[in-house]
2 protein chains.
Amino acid sequence: MVDVADRAGVSVKTVSRVVNNAPYVRQDLVDRVLAAVTELGYRSNGLARTLRSGGATSTIGLVIEEIGNPFYATVAAAVAEVASTHGTMLLTASSEEDPQREQDLLLDLCSRRVDGLLVVPAGFDHTFLRVEVEMGTPVVFLDRPAGGLLADTVLLDNRGGAEAGIRHLLARGHRRIATLLDSTAVYTMAERLGGAQHALAEAGITGDPALIRDGVADPDTAAHVTADLLDSADPPTAFFSTNNRITVGVVRELWRRGSDAALVGFDDFELSHLMPRPFTVIRYDTRELGRQAARLLFQRIDGDDSPPTTTVLPTRLVERGL
Amino acid sequence: MVDVADRAGVSVKTVSRVVNNAPYVRQDLVDRVLAAVTELGYRSNGLARTLRSGGATSTIGLVIEEIGNPFYATVAAAVAEVASTHGTMLLTASSEEDPQREQDLLLDLCSRRVDGLLVVPAGFDHTFLRVEVEMGTPVVFLDRPAGGLLADTVLLDNRGGAEAGIRHLLARGHRRIATLLDSTAVYTMAERLGGAQHALAEAGITGDPALIRDGVADPDTAAHVTADLLDSADPPTAFFSTNNRITVGVVRELWRRGSDAALVGFDDFELSHLMPRPFTVIRYDTRELGRQAARLLFQRIDGDDSPPTTTVLPTRLVERGL
DNA sequence: TTGAAAGCGCTAACAG
DNA sequence: CTGTTAGCGCTTTCAA
């Protein structure tokens with residue numbers, strides 16, 4: 001900057017003004033500065049600017065669970081869109097489901113002085129963020145609630161969706177309904193299982209433990225478990241799948257053996273109309289999840305200091321076939 | 001930092017040492033500083049550190065075309081993975097196919113002093129980046145070549161893939177092959193079309209212009225165009241689709257009318273085994289594209305100053321059905 | 001092993 | 001309209 005100022009025969013402050021399009025600079029000085037800038041290949045240092053001006057970095061941080069997962073990719077895309085509206089860039093990091101890594105990333109992001117934080121929690125204790133929040137860095141939690149921290153949260157109606165799914169099957173006369181889930185340790189899974197069991201209990205059905213299958217981590221396992229259940233002495237007449245990956249496996253197995261068992265799956269499919277066998281899904285708007293959370297965050301960044309809110313996004317049962 | 005130093009009764013330099021885990025600090029001073037840090041809720045300012053030390057920001061920038069597109073989401077995921085290996089965070093931005101926006105984003109990223117840049121070019125002139133490259137910010141281009149700038153580039157073998165696809169159809173006796181594409185203005189599309197026409201010409205087939213359909217932007221259009229072609233006086237017996245979205249539309253229409261026309265599509269499908277009708281695809285590794293580009297970038301960041309390279313990633317024909 | 005002073009690149013607060 | 005000075009939060013340099 002000093003070099004540019006020397007070259008243009010002005011003070012650094014004038015260079016600063018020109019670079020920032022400040023008003024009240026004589027045109028000939030502007031021209032001289034701009035000429036010096038291009039001749040010298042000068043590029044302003046945004047870091048130094050924020051340091052001195054104490055202003056916003058125009059950056060927000062997003063910490064998700066697993067960047068490779070389409071669900072999070074969609075959330076990130078929606079967040080990025082809102083951020084771009086606010087002239088803000090997005091710093092994305094993946095916690096890989098590791099609470100320690102989550103904390104490190106979050107603290108790193110704070111050290112980079114992001115204007116706000118969006119978090120899909122992996123850990124269960126976010127008290128370490130209290131300092132940041134008090135110091136003025138807003139935090140919004142997505143998809144899962146925060147641990148030990150009162151903060152804005154945007155969730156899906158996992159319980160309601162699962163209840164609707166089970167009721168749909170009950171209304172069609174099903175009494176033996178199998179529930180396949182990944183892990184009860186994950187908040188969303190626990191909620192969906194809870195909703196399913198609640199709807200079942202409501203109908204006076206005492207759940208058969210053999211019909212609840214935990215640890216179904218991928219489509220292959222789901223297909224296996226489905227086969228196993230169908231081959232049992234008293235097979236289920238309907239399946240409730242608690243996520244996309246599981247649904248893929250169940251559909252595949254059902255289709256393979258031409259079974260007419262009913263299926264309701266949590267999460268919709270993009271190419272649902274190309275599925276070999278129709279099935280009912282519990283749909284929700286992943287983009288909206290990211291969008292709402294991002295909007296909320298920018299409200300906070302813009303100074304809104306009303307009490308933290310919890311938003312629950314609706315799910316919708318989309319009936320297809322059996 | 002001054003507050004912490006005062007509180008701990010040490011100099012700011014000692015606080016700095018403790019915060020950065022520097023050696024040769026007496027344990028009791030370390031303890032006192034750490035205590036002051038927690039009591040005061042001190043958080044170091046990474047921006048100020050990089051400013052003074054002149055070191056790396058441990059940040060790289062990624063500019064893609066359209067964050068909502070699964071292709072770019074996958075690229076971003078692969079890049080993020082490599083970056084995390086290098087203790088680096090990823091700043092992602094979407095150019096929305098707008099060259100001006102692309103330039104603004106890239107310059108913004110430079111002003112944020114990223115250690116390197118990964119770009120899926122939207123524009124055709126990247127000479128403005130020459131200054132940055134000379135100043136030591138490495139840039140790697142992905143999926144499409146840079147305009148007017150000699151830089152590392154990682155591409156897909158679009159031509160070779162298309163040629164293989166067409167040859168596959170020719171070997172099965174097809175002579176009337178329709179090619180559906182989005183826009184020839186897009187580098188990858190032009191290359192795929194070029195490859196297809198080359199393979200056709202090689203076989204002595206003078207392309208019928210009516211069989212090349214441009215401007216097929218989405219599945220619905222693709223389905224329409226497919227119907228239109230099949231209903232024509234001299235319909236094609238085979239289809240070559242130049243991307244995923246188009247393939248979806250073609251499959252849908254082919255399946256709907258039970259047509260036995262052959263189909264080869266560029267891009268594979270995640271749920272290909274659940275497609276209602278098998279078809280051959282030209283598969284490539286999107287993750288590898290991001291991974292290789294990111295690895296290359298980090299090599300440059302780590303000081304490799306050998307001449308810029310162009311890497312062409314192979315495609316593979318996966319035969320399925322007709 | 002610790003600290004004082006200078007300065008990274010920039011802008012706020014004032015003067016002129 | 002333009003320039004000077006001080007200082008953002010930190011680390012480098014050098015001295016103790």
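Values below: every heavy atom of this structure, side chains too, minus hydrogens, waters and symmetry copies. Naming: A, B, ... by sequence-line order, numbering from 1 per chain.
- Between A:D6 atom CG and D:dT2 atom C1' the separation is 16 Å, expressed in whole Å.
- In this structure, A:Y24 atom OH and C:dG16 atom C1' are separated by 18 Å, rounded to whole Å.
- Counting only N and O atoms by type, the side chains of A:N20 and A:R49 include a donor and acceptor under 3.5 Å apart.
- For D:dG3, one of the phosphate oxygens OP1 or OP2 lies less than 4.0 angstrom from a side-chain nitrogen or oxygen of A:T14.
- For B:R287 and B:D285, the salt-bridge test fails: no basic side-chain N is under 4.0 Å from an acidic carboxylate O.
- Following rounding to the nearest Å, A:Q27 (CD) and D:dT2 (P) show an atom-to-atom distance of 10 Å.
- The residues A:R7 and A:D3 are annotated as not salt-bridged, no charged nitrogen and carboxylate oxygen being separated by less than 4.0 angstrom.
- Looking only at atom types and distance, the side chain of B:N69 has no donor-acceptor partner in the side chain of B:E65 under 3.5 Å away.
- Distance CG (B:L51) to C1' (C:dA6): 14 Å, rounded to an integer number of Å.
- As judged by a 4.0 angstrom heavy-atom cut-off over every strand, A:L29 is placed among residues touching the sugar-phosphate backbone only.
- Checking A:T309 against A:D152 by side-chain atom types alone, a donor-acceptor pair falls below 3.5 Å.
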The contact string for nucleotides 10-16 of chain D, one letter per nucleotide 5' to 3', using protein heavy atoms under 4.0 Å with B, S and - for base, sugar-phosphate only and none, comes out as BBB----
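- Side-chain N or O atoms of B:T88 include none that pairs as donor or acceptor with a backbone N or O of B:S84 at under 3.5 Å.
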